[in-house]
Amino acid sequence: HPTVAGSYLAALVIYQQLYGQLPDKMPARLKLRASTLSSVELTEDQVAMLRAAAAEANEKFGQH
């Protein structure tokens, strides 16, 4: 199973691919409607690193 950070990264990449916008406003804390996980909480440093990784991945796909 993916880690919380891995799932967050995948969401950032998908968001940018679908909407053509950088996910730079995505919050570090998300409230979920799941029975096993009620929230996602990452540090601002983690989120900054994941945003950069998502931007780099999408750059390779040709989406800026």
Side-chain angles (χ1 to χ4, degrees):
H1 300 298
T3 64
V4 170
S7 295
Y8 189 89
L9 174 59
L12 293 177
V13 171
I14 292 167
Y15 176 89
Q16 187 173 343
Q17 287 291 314
L18 288 175
Y19 297 105
Q21 298 175 355
L22 292 174
D24 56 347
K25 303 292 187 224
M26 295 290 264
R29 183 171 190 221
L30 304 170
K31 190 169 187 175
L32 307 176
R33 294 183 184 180
S35 60
T36 57
L37 184 64
S38 62
S39 67
V40 171
E41 294 183 40
L42 299 167
T43 68
E44 291 298 329
D45 287 343
Q46 288 172 314
V47 171
M49 180 186 64
L50 294 170
R51 286 178 183 153
E56 184 179 330
N58 279 317
E59 192 172 295
K60 291 183 182 197
F61 287 116
Q63 180 73 276
H64 302 154

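Excluded from the calculations below are hydrogen atoms, water molecules and symmetry mates; all remaining heavy atoms, backbone and side chain alike, are included.
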Original post:
Just how far is it from atom CD of Gln21 to atom CG of Asn58, taken to the nearest 0.5 Å?
Top reply: 12.5 Å

**OP:** Please list, chain by chain and in numerical order, all residues satisfying side-chain contact (heavy atoms from CB on, under 4.5 Å) with Ala28, sequence neighbours excluded.
**Re:** Glu44, Val47

Original post:
Distance from Arg51 atom CZ to Leu9 atom CG, nearest 0.5 Å?
Top reply: 12.5 Å

Subject >> Residues forming a side-chain contact (heavy atoms from CB on, under 4.5 Å) with Met26, sequence neighbours excluded >> reply: Tyr8, Leu12, Pro23

**OP:** For Thr43, enumerate each residue passing the side-chain hydrogen bond (donor to acceptor under 3.5 Å, both in side chains) test, keeping only those at least two apart in sequence or located in another chain.
**Re:** Gln46

